[in-house]
Amino acid sequence: MQTYWCEMAWVGGAVAEGVQVDVDGHRVTEVKQGVPPSGEILEGLTVPGMANAHSHAFHRALRGHTQVGRGSFWTWREQMYAVAGRLDPDTYYRLARAAYAEMALAGITAVGEFHYLHHDVSGVPYDDPNEMGHSLVRAARDAGVRLALLDTCYLSGGFGAPLEGVQTRFGDGDVHQWAGRADRLAAAYAGAEDVEIGAAIHSVRAMRPEQMPVVVEFTHHHAGPLHVHVSEQLAENEQCVAAYAASPVRVLHEAGALGPRSTAVHATHVSDEDVALLGGSGTHVCVCPTTERDLADGVCATRRLHLAGSPITLGSDSHAVVDLFEEARAVELGERIVSGERGHWRADELLTAATVTGHTSLGFPDGGQIAPGAWADLVTVRLDSVRTAGATARSAVESVVFAATGADVVSVVSGGRRIVEAGRHVTGEIGHLLRDAIGAVRG
Ligand SMILES: [Zn+2]
């Protein structure tokens, strides 16, 4: 049993002062408000662990190297493929461990890894065909975060086009072979509380509509999350309409791929009908604003989707930036730029997206809240930094969401285990870990 005392904590959607949180093992057992200090003192605002609902860990090696010159999502993708072609189970593990530790430092305690780098550079399965997935699980555990491993089905290189070049690493040949491999992966982590095995349809570009129900059935069978990249690019919409006479959202709807356990990632270019289908089915929408602006994708109409019925979650996707506070405020600030008006999202709604909603979309419904029975994830943000100083209990959530950065996170307890203390990860200097892991794959 461990007792933490929070100067301020975000509990049940409001800031409370003098909050005692008792933890036994991985879980919170009791929360008391307005009590005198006892146990370990956490100064600042303590919020629940945050969920990064969309990650491609290896993209961390692109940061800085792809922020030069001109181009688009498609030219960026060529640079991403060059790194994808150099990874093996060991370098993938080391890069992911460092990337997940960077996330931990920013207050992220659960990650949704959209994983499609399955096979060796020739497209041949490793001796254990899930070796790359196992690397990600080890990486998350060593960094101290929980992992939703979204095993991605990726069968074609474009509408009607075969996989080419590095893409052959992504493919399983056909959807039933994908399902057989994913079943083995799920069996390997059956009963593991810190790992959730889900699935992903890479996009409507990467598999045909008649193949999708096999992936959907996998997630029903395993009661796991289903994620899919949707309408990130206008070109994807145009090609989808040309191929199937329907938008990507409608294709997914007809394949049975929408619903409360599903998450549409990006949903940047969606029609009124798409919004109605996503919202009406209760499909989550994961936006990744720092990546979407980095790749010149566009701005998602988050409030419209939310009002239609889609819970909004946040992801750092390509890791151009790893900071869920920045993703959260970018949701509101993007709406302001598009509409010319302020005040679409309240700070507490954005913090909900970063915490409990993100966890739910990853298959961890008992995460992202400071409550008895929930995962014991406590993220403490200092309120005396140059960015946050001046905050009071009344303005603490607004100060954190609209002005803090991941560098203001001083303490992280993840699943009852202390992983960040005094702003440092307990395993050591993560900057060096990142430098070495990135150097190994960039040459
Ligand atoms: Zn993505």
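In each ligand, atom 1 is the first atom listed, and ligand 1 is the first ligand listed.
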- request: Please determine if the Zn ion (ligand 1) has an N/O/S atom from H56 lying under 2.8 Å away.
  value: yes
- prompt: Is D194 salt-bridged to R141, going by a charged N under 4.0 Å from an acidic O?
  reply: yes
message: If I take the Zn ion (ligand 1) as the centre, what angle separates the NE2 atom of H229 from the NE2 atom of H54? Nearest 10 degrees is fine.
response: 90°
message: For S55 and H319, which I'm curious about, is there any donor-acceptor pair between the side chains at under 3.5 Å?
response: yes
- prompt: Using the benzene-type ring in the case of Trp, are the ring centres of H54 and H56 under 6.0 Å apart?
  reply: yes
N, O or S of C288 under 2.8 Å from the Zn ion (ligand 1): no
Just list the side-chain donor-acceptor pairs under 3.5 Å for residues 427-435, sequence neighbours left out, or say none.
| unit_1 | atom_1 | unit_2 | atom_2 | d |
| --- | --- | --- | --- | --- |
| T427 | OG1 | H425 | ND1 | 2.8 |
| E429 | OE2 | G431 | N | 3.2 |

